[in-house]
Every structure is written in C-alpha cells, then in structure tokens.
Amino acid sequence: MKNLLIMGINTRPMVNSALKLDYNTFSISYFKTLDFINPYCEKHILHQENIESEDSFNCGSFEDNYSPEKLLYLAEEYLDAIDKIVFSTGISADDFVGKFSKFKNKIRGNLKTDNVNDKFKFYNKVKNKFNVPMTFNPVDIYEVIEIANQYANNQFILKPLKGSGGYGTFLLNKQTLTKFKTAELDSTIFEGNYLMQEYIPGVNLSSSLLSTKNESKNIINTRLLTTDDFVYSGNILPLTFESFSKGNSYIENFNFNNFNKFNLNSFSKLSQNMENVSEDLISYFNLIGSNGVDFILSKDAFKNESFDENDLYIIEVNPRIQGTYESCEEVLGINLLDAHIKACEGEIIDIPDINNNPNPLYSVKKIEYASSDINVKNLSFDNVYDIPYENVKIEENQPIVTIISSDYNLSLAISNLENASNNVKNNIEIIQ
C-alpha cells in the first residue's frame, strides 16, 4: 500500500477522502479539530486539544502562528517514506527549497506556480489576453496617491501580492490613506508586497477544473461569498440562476424591465463564458490537477439587463484544491482527491454533467468568524464542521467553524445553514 501525505492549513476534508482510498494516509496541518478523523499518522501546529490538561488554551492568531516552513519541518521524518504528496491551501511546491527540494518529484500538483501565486506577475501575463482589472505594484504611499489622482474616476483596493482567501485586502479611501500616514503600515505594505487593483463591484464567482498536461475541463461553477472585508466566507453551488440570484443585492436593487430575458439568455451566456475562459486560462498556465479561477461579474451587467463578455473579470487563479472541496464532492458525487491525483497522473475521470439538471443538489458553505474574542462551548451540531475543542479561546476575526448544508431545495439548505449558525452563536461566550 502506498503512502500519501496531505499537507496544508486544514487537511480534515481531504483526509476524509483519502481514508476511502487505498493509501496509508499521513497528515501535516495547522488545525486539528474535534471532528478530525485520525489517519495512519498525523502532526499539527495548533494544539487545541491541550485544553484537556490545561485551564485554558488560546488559539491565537493564525497570521502570527502559521508558516509553510513549520509544516515542512513537521513532515521531515515522514518524507523519505512518502510516495505521493498533495496540498490543501497554505503550502505549495515553491516552499520545497533547500533540503526539501529533493522531494518535489513526489508532489501531485503544480510544481511551478510563481506566475499565478505572484498576482502582479499573473496580471502582466494575462492583461493582453484576458479581461482583468487594472493593477499596479506601488513602491510607496506617494505612488499610491499618484495613481489614485491619475485615475480619479476609478476606485481601488489594496491586496497582498501573494496569499489567498482575501486576507489583508481593503478598500482604498481617504480613511485608509490617513491610516498609512499615522501608523507603521507604509513600510509594511509598500516594500513591493502589495498590489493596487481597480475595484470592480459585483458578484463573486468561481470555476473549478480538473486538468492534465493536455486537457482542461471545467467541472462546476460556484457563487462565492465574502465578508465586507473581502475575506472568503463560503459558497453556493452549483451555479444556477436560482443560486445566482438568491439574496443577490444587485438583482434585488435593480428594477429589471425584462427579467426573464436576463434569466434565460444572459445567465446561460455567463455560465458558458466562465467555462471557456477558465479552461483557456488553466491551459495557458499549464496547470494540472484540481484548480480554480475566481471571477467578478461587474454590476454593469445588471444595469444593462444583459451580459457582455467584458463584464466578467478574472481576479485570480488558485493552482490547488479549493475551499469548495467538500461541496464539490457531494454535489458531483465524486472523490475529488482521487480525481485530483489521477488528473496529475494524466487521467480526467468522468464527471457528471449537472448543467442541464432541472433539480440539482445544492450545497451551501459558510465560515463563521469571531466578531470579538470568545470562549467556545460545545459546538457539535448537525452541519457544523472543523469544530474547535470546548473551552478554547478564539481571537477576534479568527475562524470558528465551517457550516455546510445540502438539499435539493436551496431555500431549505440555506435555512438549515442559518439554524446551525444560530446554534453556534448561542454556544460561544464573548470575552469582556
């Protein structure tokens, strides 16, 4: 039996898939939650389970405690025995440097990702071929002001040059500029580590794909959910007109003269264009395995009651398995880890075509974040995953749990998710 190592911030979903396959499964992760099923061997960085022997345990800040290097050093004693390595979010082949570089040949995934992980390199590679927001790489606060004055009719966001999930992204305005001048953010942010990107208000969308060296195949489209601070907080899939429009403020705020026309014509065109663009983009970068492409559909599409290709902007490519992992597995009825490994080795499995299904299974995911410092009580409820140990402290803005609800009735799936969310909120204690 071959040895498979899964590495990343949260390996729980992929470990669950691996346990259904013919591998000795090893896991190296940041989190180990209450609902984590132990594989053959595992190590982790955050030891919440210490609450059993201590009076309290503070989970602390992920940003302060996590690094890919910590994962690599935890994995060091396993690597010689491992046959295959697969990543979740938080680590890539680019991190396998020095004494770890000799293990790159065991990775099932993309070995060269700098052109997509570095968002300015990505922008320069695609700006003449695909529709992307205008993007700059300012060196200091003065260049930010100069660009903002030059493009006075545009609004901008600042986002990290590398990273995922929307962390560290914020809207550029007078208040932000004042913060730069009065705090020590200038040197932190403008050593070439941040981008200034045109802000495109609209609906966040995503495509998931499987690809080999010779073929890219879109397997499902998704509506992404984000917080007001641009942080990824969940998704609804598959992307149908119902999941696209449910709770969509752009649809609710515009008074369509011919809503049915927008429904039948424009949405079909949107889905097809997402498929075509995402497949072309993944092939352009020669990516393999499971990958994702994030888009924004501009609000102009709603103003015009139509859909134009120029209304769909590419935001970034995720050259790894995405946060939609568990939902994709359930809706498509596949083992996505198995599909990813086979794609890396040259085979794309048969994927059910759900685009024309009039009654698809919907899956809705939401990540709950702490709005202040909290103590956690028992959070073992239906539809709740990544459950922290009871009585641990979780700091403000850190994730608490993942909630996933599925049903053929989208309204019922959302209702069950909201019930689970309320159960979680009722079983946490705010630290005064």
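Note that the numbering runs from 1 along the sequence shown for the chain. Only this structure's heavy atoms are used, side chains among them; waters, hydrogens and symmetry mates stay out.
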inquiry  = With a 4.5 Å cut-off on side-chain heavy atoms, are L21 and L337 touching?
reply    = yes
query = Is a side-chain donor-acceptor pair under 3.5 Å present for T33 with Q48?
reply = no
message = Quick one, M274 and F295 - any side-chain contact, counting heavy atoms below 4.5 Å?
response = yes
request  = Taking T324 for its side chain and S327 for its backbone only, find out whether a donor-acceptor pair lies under 3.5 Å.
outcome  = no
Polar contact flag, side-chain donor to acceptor under 3.5 angstrom, Q272-N276 = yes
ask   = At their closest point, which heavy atom of I414 faces which heavy atom of K246, and how far apart are they?
value = CD1-CG, 3.7 Å
message = Looking only at the side chains, is there a donor atom on one of N115 and K112 sitting less than 3.5 Å from an acceptor on the other?
response = no
message = Does any part of the side chain of L161, heavy atoms only, come nearer than 4.5 Å to the side chain of Y194, both counted from C-beta?
response = no
task = Check the side chains of S61 and E63 for a donor-acceptor pair under 3.5 angstrom, ignoring hydrogens and angles.
result = yes
Under 3.5 Å side-chain donor-acceptor pair for S206 and D294 = yes
Point-to-point distance, once rounded to the nearest 0.5 Å, from CG of N291 to OG of S207 = 11.5 Å
request  = Mark yes when over 12 heavy atoms from residues, nucleotides or ligands other than K129 sit less than 6.0 Å from its NZ; otherwise mark no.
outcome  = no
Sequence neighbours left out, cut at 3.5 Å: what donor-acceptor pairs do the side chains of residues 343-354 make with other protein atoms?
unit_1: E345; atom_1: OE2; unit_2: K84; atom_2: NZ; d: 3.0
unit_1: E345; atom_1: OE2; unit_2: R108; atom_2: NE; d: 2.9
unit_1: D353; atom_1: OD1; unit_2: N355; atom_2: N; d: 3.1

Flag side-chain contact, heavy atom, 4.5 Å: K425 against E368 = yes
request  = Specify the closest pair of heavy atoms between I314 and V132, including all atoms of both residues, with the distance to one decimal.
outcome  = O-CG1, 3.6 Å
ask   = Of D311, L297, V203, which is the lone residue that meets side-chain contact (heavy atoms from CB on, under 4.5 Å) with L270?
value = L297
task = Find the distance between CG (L71) and CD1 (I91) and round it off to the nearest 0.5 Å.
result = 5.0 Å
query = So, Y325 versus S17: side-chain donor-acceptor pair below 3.5 Å or not?
reply = yes
Run the side-chain donor-acceptor check on residues 374-386: report pairs under 3.5 Å with partners two or more places apart or on a different chain.
unit_1: N378; atom_1: OD1; unit_2: S380; atom_2: N; d: 3.0
unit_1: N378; atom_1: OD1; unit_2: S380; atom_2: OG; d: 3.3
unit_1: D386; atom_1: OD1; unit_2: N10; atom_2: ND2; d: 3.0
unit_1: D386; atom_1: OD1; unit_2: R12; atom_2: NE; d: 2.5
unit_1: D386; atom_1: OD1; unit_2: R12; atom_2: NH2; d: 3.3
unit_1: D386; atom_1: OD2; unit_2: N10; atom_2: ND2; d: 3.2
unit_1: D386; atom_1: OD2; unit_2: T402; atom_2: OG1; d: 2.7

ask   = What is the distance from atom OH of Y123 to atom CG of D118, rounded to the nearest 0.5 Å?
value = 14.0 Å
Short side-chain to backbone donor-acceptor contact, N409 and L412, under 3.5 Å = yes
key: Check: D280 main-chain N/O paired with S283 side-chain donor or acceptor under 3.5 Å   = no
request  = Work out which heavy atom in L210 is nearest to a heavy atom in A339; give both atom names and the distance.
outcome  = CD1-CB, 3.9 Å
request  = Specify whether Y66 and F62 have parallel, tilted or perpendicular ring planes, treating 30° as the upper limit for parallel and 60° as the lower limit for perpendicular.
outcome  = parallel
inquiry  = Are the side chains of L281 and V317 in contact, using a 4.5 Å heavy-atom criterion?
reply    = yes
Student check: side-chain heavy atoms of F96 and I85 closer than 4.5 Å = yes
inquiry  = How long is the straight-line distance from CD1 of I107 back to CE of M7, given to the nearest 0.5 Å?
reply    = 8.5 Å
query = Looking only at heavy atoms, what is the nearest atom pair of Q322 and G292, with distance?
reply = NE2-N, 3.1 Å
task = Give a yes or no on whether the backbone of T113 and the side-chain of N110 come within a donor-acceptor separation of less than 3.5 Å.
result = no
request  = Decide side chain to side chain donor-acceptor pair (under 3.5 Å) for N218 and N221; before the verdict, give the C-alpha distance in whole Å, the side-chain angles of both, and the deciding distance to 0.1 Å.
outcome  = CA-CA 8 Å; N218 176 294; N221 290 328; 3.0 Å; yes
request  = If the plane angle is over 60° it's perpendicular, under 30° parallel, otherwise tilted; pick one for F156 and Y151.
outcome  = perpendicular
request  = For D95, check side chain to side chain donor-acceptor pair (under 3.5 Å) against everything at least two apart and list the hits.
outcome  = none
ask   = Heavy atoms, side chains only, cut-off 4.5 Å: are S92 and D94 in contact?
value = yes
ask   = About how many Å separate CG of D373 and SG of C59, when rounded to the nearest 0.5 Å?
value = 11.0 Å
message = side chain to side chain donor-acceptor pair (under 3.5 Å) for N38 and K32? Distances and angles first, verdict last.
response = CA-CA 9 Å; N38 284 328; K32 179 187 178 182; 3.3 Å; yes
query = Is a donor on one side and an acceptor on the other found under 3.5 Å between the side chain of R320 and the backbone of F87?
reply = no
Pair T11, S27: side-chain N/O donor-acceptor within cut-off below 3.5 Å = yes
ask   = Quick check: does any side chain N or O of S245 sit under 3.5 Å from a backbone N or O of F241, one acting as donor and the other as acceptor?
value = yes
query = Is the closest side-chain donor-acceptor distance between N24 and N3 under 3.5 Å?
reply = yes
query = Side chains of Q197 and T135: is there a donor and an acceptor less than 3.5 Å apart?
reply = yes
inquiry  = With a 6.0 Å cut-off (strictly less than), is the heavy-atom count around OH of Y40, excluding the residue itself, greater than 12?
reply    = no
message = Measuring only between side-chain heavy atoms, which start at C-beta, is I45 closer than 4.5 Å to I28?
response = no
task = Please check if any side-chain donor atom of N235 sits under 3.5 Å from a side-chain acceptor atom of T222, or the reverse.
result = no
Geometric class of the H44/H47 ring pair [parallel <30°, tilted 30-60°, perpendicular >60°] = tilted
note = Taken to the nearest 0.5 Å, the spacing of N131 CG from N273 CG works out to 9.5 Å
request  = State, without any angle test, whether K43 and S29 hold a side-chain donor-acceptor pair at a distance under 3.5 Å.
outcome  = no
Derivation and outcome, side chain to side chain contact (heavy atoms under 4.5 Å, CB included), residues E396 and I431 = CA-CA 10 Å; E396 182 178 1; I431 300 174; over 6 Å; no
ask   = Given S406 and E330, is the side chain to side chain donor-acceptor pair (under 3.5 Å) satisfied, shown in steps?
value = CA-CA 8 Å; S406 302; E330 183 162 18; 2.9 Å; yes
ask   = Residues in side chain to side chain donor-acceptor pair (under 3.5 Å) with E215, at least two apart?
value = none
request  = Output all residues satisfying ring pair (Phe, Tyr, Trp, His ring centres under 6.0 Å) with Y284, sequence neighbours left out; order by chain, then residue number.
outcome  = none
request  = Would you name the heavy atoms of S211 and S216 that are closest together and state the gap between them?
outcome  = CB-OG, 3.4 Å
ask   = What residues, two or more places apart in sequence or in another chain, satisfy ring pair (Phe, Tyr, Trp, His ring centres under 6.0 Å) together with Y362?
value = none
